[in-house]
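Here is the structure we will look at.
These values consider heavy atoms only, across backbone and side chains, with no hydrogens, waters or symmetry-generated copies. One-based numbering, in listed order, for ligands and for the atoms of each. We're numbering straight along the sequence, starting at 1.
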Amino acid sequence: MNTPAPNIAKGAIETDAVIIGAGPVGLFAVFELGLLDLKAHVIDILDKPGGQCIELYPDKPIYDIPGIPVINGLELAERLMTQVKPFHPAFHLGQSANALTKLADGRWQISTDAGTKIAAPVIVIAAGAGTFVAKRPHVDNVAEYEGKSVFYAVRDKEQFRGKDVLIAGGGDSALDWTLDLAPIAKNLTLVHHRDGFRASAHGVNQMRALVAEKKIGFEVAQVTALHGKNGMLAAVTLSAPGKPDRRHACNVFMPFFGLTIKLGPIAEFGLNLHEDQIPVDTAKFESATPGIFAIGDINYYPGKLKLILCGFHEAALMAQAAFHIARPGEKLRFQYTTSSTSLHKKLGVA
Ligand SMILES: Cc1cc2nc3c(=O)[nH]c(=O)nc-3n(C[C@H](O)[C@H](O)[C@H](O)COP(=O)(O)OP(=O)(O)OC[C@H]3O[C@@H](n4cnc5c(N)ncnc54)[C@H](O)[C@@H]3O)c2cc1C
């Protein structure tokens with residue numbers, strides 16, 4: 001016997017559309033839905049909007065955004081955020097959309113790992129290739145310390161105030177957080193397996209200046225063991241070629257060894273998948289499950305190109321179809337932003 005669909009959870013947020021993924025395509029979906037008066041809540045596991053553009057290539061130039069000859073990943077994300085401002089989207093950042101439930105009233109409910117529950121008639125999956133997962137260090141028992149004294153991301157830097165912090169890595173994240181946390185931490189040491197960095201020269205120079213002023217430490221070494229109790233670190237073992245291993249006291253260890261991408265919890269949503277992507281029809285960008293749309297890198301259809309501009313087109317068509325689900329029976333009038341006074345009002349330019 002099938003279990004009956006549940007009612008909306010107590011305290012759940014109710015809205016028109018939930019967008020999973022605040023990458024460029026998810027952000028533009030906020031705009032397209034907003035033009036049709038559909039309010040969106042956006043969830044992203046990252047602590048800032050921008051998706052791959054911010055996480056993988058913030059300073060790389062993009063040359064194929066129509067009408068913008070060149071723009072880097074960071075600027076594109078910032079401009080999209082400006083563009084969606086009139087629609088006041090609600091962002092739930094640093095949260096993973098973990099479960100999708102069909103409700104008794106026909107709507108959908110998304111639950112996040114932070115306990116947020118949002119019910120809506122329309123779910124827009126704009127999750128790119130999935131969630132960015134931090135590469136773990138090769139040390140025993142690391143799982144025991146994760147989330148307690150080993151962190152792969154900074155959600156609130158205040159939690160590191162007055163702590164003995166050890167950061168490992170040689171890329172921009174390691175260097176950026178070294179510079180950001182140096183004034184907050186009691187002691188901060190950066191370790192990297194070589195005295196050369198992938199990070200920007202500017203960040204490296206700033207880090208070296210802090211080392212010269214003895215405000216932070218830098219060591220060429222690798223963390224090879226963790227020591228502590230109940231998930232709370234007391235020290236790590238640092239190993240360097242040609243030197244004896246030594247203990248380094250610290251109560252926070254932050255390895256920044258890069259990210260891999262995995263589809264993550266969306267794989268368990270019960271949707272049809274084609275090689276970890278969601279097949280959609282190209283008239284609406286709706287999946288085979290009514291009310292669940294998929295746009296951007298996450299979707300699959302013949303001829304699909306994983307380009308930002310294709311995702312923008314998909315967002316526009318998705319919004320038209322989503323309107324009829326969110327506002328059944330209401331008429332949708334096609335309007336241009338150049339000439340529609342009602343759109344100008346929504347955009348705050350009237
Ligand atoms: C190095 C590089 C250069 C590129 N250059 C170009 C270029 O020049 N031009 C171009 O058009 N494209 C380029 N691309 C591709 C482009 O970045 C992607 O097509 C685009 O980012 C797709 O946008 P999206 O919004 O669909 O997904 P993404 O940008 O991947 O964003 C998806 C978001 O969903 C979030 N997410 C996933 N699962 C969950 C979950 N369960 N819960 C919460 N959040 C979740 C992720 O954290 C992520 O922030 C480039 C890509 C790379 C890697």
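- The nearest protein atom to atom 30 (O) of ligand 1, hydrogens excluded, is given as Gln52 NE2, 2.9 Å; this is a heavy-atom distance.
- When each of Ile19, Ile295, Leu80, Leu307 is tested with Val25 by the rule side-chain contact (heavy atoms from CB on, under 4.5 Å), just one qualifies, namely Ile295.
- Within the listing of ligand 1, atoms 47 (O), 49 (O) sit less than 4.0 angstrom from a heavy atom of Leu46.
- Ranked by closest heavy atom to atom 23 (O) of ligand 1, the top entry among Gly23, Pro24, Pro49 is Pro24.
- The shortest non-hydrogen separation linking Pro24 to Gly50 is CD-O, 3.6 Å.
- Put simply, Ile54 and Met81 are part of two different groups of oily side chains (I, L, V, M, F, W, Y) that touch within less than 4.5 Å, one to the next.
- Taking 4.0 Å as the cut-off, Gln95 counts as a neighbour of ligand 1 on heavy-atom distance.
- When only non-hydrogen protein atoms are considered, atom 33 (C) of ligand 1 lies nearest to Asp44 OD2, 3.4 Å.
- Remark: ligand 1 atoms within the under-4.0 Å shell around heavy atoms of Ile62 are 7 (C), 8 (O), 9 (N).
- At least one heavy atom of Gly130 sits less than 4.0 Å from an atom of ligand 1.
- In this comparison of Phe132, Tyr63, Phe28, Tyr57, the heavy atom closest to atom 1 (C) of ligand 1 sits on Tyr57.
- Contact annotation: for Ala126 versus ligand 1, heavy atoms closer than 4.0 Å belong to the backbone alone.
- Heavy-atom proximity to Gly21, at under 4.0 Å, picks out these atoms of ligand 1: 33 (C), 34 (O), 35 (C).
- The closest heavy-atom contact to atom 20 (C) of ligand 1, among the options Val25, Ile308, Ile43, comes from Ile308.
- The option with the heavy atom closest to atom 9 (N) of ligand 1, from among Ile19, Leu309, Asp64, is Asp64.
- With respect to Arg208 and Asp195, a salt bridge is recorded, a charged nitrogen being found less than 4.0 Å from a carboxylate O.
- Close approach of ligand 1 to Gly296 is summarised as follows: ligand atoms under 4.0 Å from at least one heavy atom of the residue are 26 (O).
- Under a 4.0 Å criterion applied to the non-hydrogen atoms of Leu56, ligand 1 contributes the atoms 53 (C).
- If you check each of Ile45, Ile298, Asp297 against atom 19 (O) of ligand 1, the one with the closest non-hydrogen atom is Asp297.
- Here Ile20 has side-chain heavy atoms under 4.0 Å from ligand 1, and that is the only part of it that gets that close.
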In residues 308-325, what donor-acceptor pairs under 3.5 Å come from side-chain atoms, sequence neighbours left out?
{"unit_1": "Glu314", "atom_1": "OE1", "unit_2": "Gly296", "atom_2": "N", "d": "2.7"}
{"unit_1": "Glu314", "atom_1": "OE1", "unit_2": "Asn299", "atom_2": "ND2", "d": "2.9"}
{"unit_1": "Glu314", "atom_1": "OE1", "unit_2": "Lys304", "atom_2": "NZ", "d": "3.4"}
{"unit_1": "Glu314", "atom_1": "OE2", "unit_2": "Tyr301", "atom_2": "OH", "d": "2.6"}
{"unit_1": "Glu314", "atom_1": "OE2", "unit_2": "Lys304", "atom_2": "NZ", "d": "3.0"}

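- Between the side chains of Asn187 and Asp164, at least one donor N or O lies within less than 3.5 Å of an accepting N or O.
- Ligand 1 places these atoms under 4.0 Å from at least one heavy atom of Thr131: 37 (C), 38 (N), 39 (C), 40 (C), 41 (N).
- Side-chain contact annotation: Asp297 with Gln52, donor-acceptor N/O pair under 3.5 Å present.
- Annotation for Ile123: hydrophobic cluster partners, listed by chain and number, are Ile13, Val18, Ile20, Ile43, Leu100, Trp108, Ile110, Ile118, Ile125, Leu263, Ile266, Phe269, Leu271, Leu273, Ile278, Ile292, Ile298 (ILVMFWY side-chain heavy atoms under 4.5 Å, direct or chained).
- In this structure, atom 42 (N) of ligand 1 lies nearest to the protein heavy atom Ala97 N, 2.8 Å.
- In this structure, Asp180 pairs ionically with Lys157, as a charged nitrogen and a carboxylate oxygen lie closer than 4.0 Å.
- Remark: side-chain polar atoms of Thr112 are not paired, donor with acceptor, to backbone N or O of Ala97 under 3.5 angstrom.
- The nearest protein atom to atom 27 (O) of ligand 1, hydrogens excluded, is given as Gly128 CA, 3.2 Å; this is a heavy-atom distance.
- Using modelled atom types, no side-chain atom of His202 and backbone atom of Gln206 make a donor-acceptor pair closer than 3.5 Å.
- Although no hydrogens or angles enter the test, the distance criterion places a donor-acceptor pair under 3.5 Å between the side chain of Thr178 and the main chain of Ala174.
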